Amino acid sequence: MANRIQQLYDTLLAHFGPQHWWPGDTPFEVMIGAVLTQNTNWLNVSRALDNLKAQGLLSFERLESLPVESLAENIRPSGYYNQKAKRLKGLLAAIRADSGDLETFFAQDPATLRDKLLQVKGIGPETADSILLYAAEKQAFVVDAYTHRILCRHNLIAEESDYHEIQEVFVEALPAEIATYNEYHALLVRLGKDYCKKTNPLCKTCPLADF
DNA sequence: ATCCGGTTCT
DNA sequence: AGAACTGGAT
């Protein structure tokens, strides 16, 4: 199993090259993007982030003081904008109450940080791990729908495997390196959206055709 | 029409 | 398990 997981990584990396994740200038931007990208394609998240940037609103203080209605309007392209605006507000409030600032919040040990993130309404395991890995640069393997689908289709996991089980597969197989976790998830997303699609997957030309 | 780098509520 | 949240691209 571990060998297959490593082989999968090597094959993807050889084919696609490094993905340079996460796109974003600051940990704060990455964290906001992690919430906005829930069930939404990245292009639309970029539009939402660009709206905020264009008005200089993409900072902890500015978003905190921005009325939730204005925030919703700015992030409209990312979908679920009312819900996400509330959740972002809740996340900022939780961080402010817990630590005062983002750097202090992120300085906590990963397990504590994950628990605290999961207590915020709107942050589930995938978003928590995304924030942990890509914003706080902690060692957290991110599992998403692509990960599940790709591993299922290659008979590496059962269809009904849950988030934690799938995560364990990677944790057990891979070296404990943030850089590897970062690259691997990014590569799985790349494969998932370009080849291993939900409908009409491109199996004929898939980089994993031999795998 | 269907799909996105989900999560919460019933 | 199913519904709700939701806009934009393909």
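As a basis for the values below, the full set of heavy atoms in this structure was taken, side chains included, without hydrogen atoms, waters or symmetry mates. All figures in this text were calculated on a predicted structure; none of them were measured in a lab. Reminder, nothing fancy here: chain letters follow the sequence lines and each chain counts from 1.
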Check this one for me: any side-chain N or O of [X] less than 4.0 Å away from OP1 or OP2 of [N]?
| X | N | answer |
| --- | --- | --- |
| Thr40(A) | dG6(B) | no |
| Lys84(A) | dG6(B) | no |
| Arg76(A) | dC5(C) | no |

Using a 4.0 Å heavy-atom cut-off across all strands, classify [X] as base, sugar-phosphate, or nothing.
| X | result |
| --- | --- |
| Val143(A) | nothing |
| Ile123(A) | sugar-phosphate |
| Ser78(A) | nothing |
| Asp144(A) | sugar-phosphate |

Given Leu208(A), Asp210(A), Leu187(A), the one that forms side chain to side chain contact (heavy atoms under 4.5 Å, CB included) with Thr11(A):
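With Thr11(A) as partner, side chain to side chain contact (heavy atoms under 4.5 Å, CB included) holds for just one option, Leu208(A).
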Heavy atoms of other groups near Glu103(A) CD, more than 12 under 6.0 Å
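Counting other residues, nucleotides and ligands, CD of Glu103(A) stays at 12 neighbours or fewer.
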Check for me: is Tyr80(A) stacked on dT6(C) by the 5.5 Å centroid and 30° plane-angle rule?
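So Tyr80(A) counts as stacking on the base.
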Measure up the Phe16(A) and Tyr195(A) rings against each other and bin them: parallel (under 30°), tilted (30 to 60°), perpendicular (over 60°).
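Ring orientation of Phe16(A) relative to Tyr195(A): tilted.
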Where the side chain of [X] is defined as all heavy atoms beyond and including C-beta, which of [options] is the nearest nucleotide?
| X | options | result |
| --- | --- | --- |
| Asn82(A) | dC9(B), dT7(B), dT6(C) | dT6(C) |
| Lys198(A) | dG7(C), dC3(B), dG6(B) | dC3(B) |
| Ala145(A) | dT2(B), dG6(B), dG7(C) | dG6(B) |

dA1(B) to dT6(C) separation - C1' atoms, rounded to the nearest Å
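dA1(B) and dT6(C) have their C1' atoms separated by 16 Å.
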Gap in Å between the two P atoms, one belonging to dT7(B) and one to dG8(C), rounded
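Approximately 22 Å lies between the P atom of dT7(B) and that of dG8(C).
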